[in-house]
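Here, residue 1 is the first one in the sequence, and each next residue gets the next number.
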Amino acid sequence: MAMIPSFFDNRRGTIFDPFTWEPFKDFPFPPSSLVSHENSAFVNTRIDWKETPEAHVFKADLPGLKKEEVKVEVEDERVLQISGERKVEKEDKSDTWHRVERSSGKFLRRFRLPENAKVDEVKASMENGVLTVTVPKEEVKKPDVKAIEISG
């Protein structure tokens, strides 16, 4: 029983606050094994893709990144590629880290564009940490339909 840490030993007489409770603080893990801020990938880049009558619009949340740190490309004629990198914050030896939740590292997302995408007219802009990529659509030509008279 003594091997299992008690989460409530030091909480007698105080109000339990679930927002400041750290359930793993009494376990024998080195803090770096929980989150390695040097190797964590910036993989959770969330991107929305909506289609309007005029265009395909992609929006990516990239807080803290400058437009120079993001790359937008169209490769193989129909693949939109959004990539970039968030650098690791420099550590000062006198700093004590209490929590590392912001991820760093490279990210890459690819989207196969539909046939109606005008890949030569792609535009990208960045404002307040949100990247917007607009891919205009060309009007899809409807095939000519010729009615055939049925004899007999």
Spatial distance of atom CD (E73) from atom CG (D76) [nearest 0.5 Å]: 11.0 Å

Any R110 side-chain heavy atom under 4.5 Å of E75 side chain: yes

Sidechain-backbone polar pair: R86 side chain, L65 backbone, donor-acceptor under 3.5 Å: no

Ring pair (Phe, Tyr, Trp, His ring centres under 6.0 Å) partners of residues 54-80, not counting sequence neighbours, each pair once: W49-H56, W49-F58, F58-F111

Intermediate values then yes/no, side-chain contact (heavy atoms from CB on, under 4.5 Å), L113 and V119: CA-CA 9 Å; L113 296 171; V119 294; 3.9 Å; yes

Rounded distance (nearest 0.5 Å) linking atom CD of E138 with atom CG of D120: 9.0 Å

Please list, one pair per line, the donor and acceptor atoms closer than 3.5 Å that link side chains of residues 125-136 to other protein atoms, with sequence neighbours excluded.
none

Criterion salt bridge (Lys or Arg N to Asp or Glu O under 4.0 Å) against K137, the qualifying member of E51, E54, E121: E51

Non-hydrogen side-chain atoms of K71 and I82 separated by less than 4.5 Å: no

Rounded distance [0.5 Å steps], CZ in R109 versus OG in S83: 12.0 Å

Over 12 non-hydrogen atoms of neighbours within 6.0 angstrom of CD in E77: no

Whether over 12 other heavy atoms sit under 6.0 Å from K118 NZ: yes

Contact check, side chains of F107 and I47, non-hydrogen atoms, under 4.5 Å: no

Heavy-atom side-chain proximity of Q81 to V72 below 4.5 angstrom: no

